[in-house]
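Comments concern the structure below.
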Amino acid sequence: MHPNDPSLRSFVDVAKDSGFPIQNLPYGVFSTTSDSRPRVGVAIGDYVLDLAAVEEAGIIPRMSAQSVFRQPSLNALMASGGYSWSIARKHISAILRHDNAKLRDASALRNRALIQLDKVTMHLPVTVAGYTDFYSSREHATNVGTMFRGPENALNENWLWMPIGYNGRASTIIVSGSPVKRPKGQIKGPDFPKPMFMPSRRLDIELEMAAIVGANTPVGSSLTIDQAQYSIFGFSLLNDWSARDIQQWEYVPLGPFQGKAFATSIGAWVVTTEALEPFRVAGPKQEPAPLDYLTQTGAHNYDIQLEVELTPKGGKPTSISHSNFKHMYWSTAQQIAHHSSSGCAMRIGDVIGSGTISGSDKGSYGSLLELTWGGKEPITLADGAKRTFLEDGDTVSMRGFCQGEGYRIGLGEVTGEIVAAD
Ligand code: MN
């Protein structure tokens, strides 16, 4: 049976509302107190399956001379190629099935290889080669453009012709759960005679998805839309923290720089494109029709429901946004095709940020900048506190899932707490 078959069940108990049923099998890198070596696992219910352990026990075959699972990142697995990704997923799915005794009845191995999720430490899942962030939600670009330049100039002329992006910092991608220190930078408020170097006062979130590139391309070559689609290993949640006051002063003419370089949080779990396959949908109609190299046929967006929650220190969580990845105007395949169109090499471990995912109504905006309309309309939290931008001690958690028939494909969460500037 195909690993995506909705009728599959595991011998591991999986709650009905769990995002990690046997149809998902997202990859992550974890360690435990008894074995501090980071290694590759998949999530199943409330457990992580140690793939290095089951491979070494001979329950799943080794696919290459060097283990792709006894590794501190997913890069070796990605380098094994798309055909191997599929084979590996088949083997993992098979040993977790309720009617397969190999692991189910090997109690010593099972106790060693299936570890409760709340007992493991999660690490950055990939060695990040490069980080590129796009700006591909029409709603988000229109909202931000309206605030920064006025409604007449909200969308630049180029926006409808290509996925706009910038090269971010791979060095500051951090795994979910890591604290985020409030950045300092040059800020020039409307009433400042000259810029001041100070902590950001407009610290914001960006609700995004990260596509993880799993293929290398040589310098000077480019990818078609279909090749770009097949180059994607999987997706994680991404919070592209942004200091709006630093960004506003620095962004002309070369785009964001320090205002986005201090931290970008990525989810600990990478959901494979294969697991997401049943949730592919067509994106919005593109008018004007894109140029040939960006012309896509078929469904290249994904129906992933997204939620953002804000929790002040010691306070109650408040849900501040609900959005969906399917709203994106430019698809990930178009972004990667465009990225490589100049001959720019793509590398295993490249993180492609989707851009902030905003829907059409206010409750679906993916940043505080939009939710509070530039800080003019504060939001009220569950305990009565108001927020325009983030305060020290605030924790932001983003979650996502695809709803299948009788099961959910969860992306897990990406979370981070703001700590005071030095
Ligand atoms: Mn962004």
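Numbering starts at 1 and runs along the sequence shown. First listed ligand is number 1; within each ligand, the first listed atom is number 1.
Ion pairing of E55 with R70 is absent here, as no side-chain N (NZ or NE/NH1/NH2) approaches a carboxylate O to less than 4.0 Å.
At distances below 3.5 Å, at least one donor-acceptor pair connects side-chain atoms of S358 with backbone N or O atoms of G366. With D204 contributing its side chain and R244 its backbone, the two residues share no donor-acceptor pair below 3.5 Å.
Residue pairs meeting the salt bridge (Lys or Arg N to Asp or Glu O under 4.0 Å) criterion with at least one member in residues 335-362, sequence neighbours excluded: K362-E377.
Interatomic distance, CD of Q335 versus OH of Y135, reported as 13.5 Å (0.5 Å rounding).
Listed by chain and number, D133 OD2, E206 OE1, E208 OE2, D240 OD2 are the protein N/O/S atoms closer than 2.8 Å to the Mn ion (ligand 1), with waters left out.
Remark: of the listed residues V42, N4, I92, L8, L8 is the sole one forming a side-chain contact (heavy atoms from CB on, under 4.5 Å) with I22.
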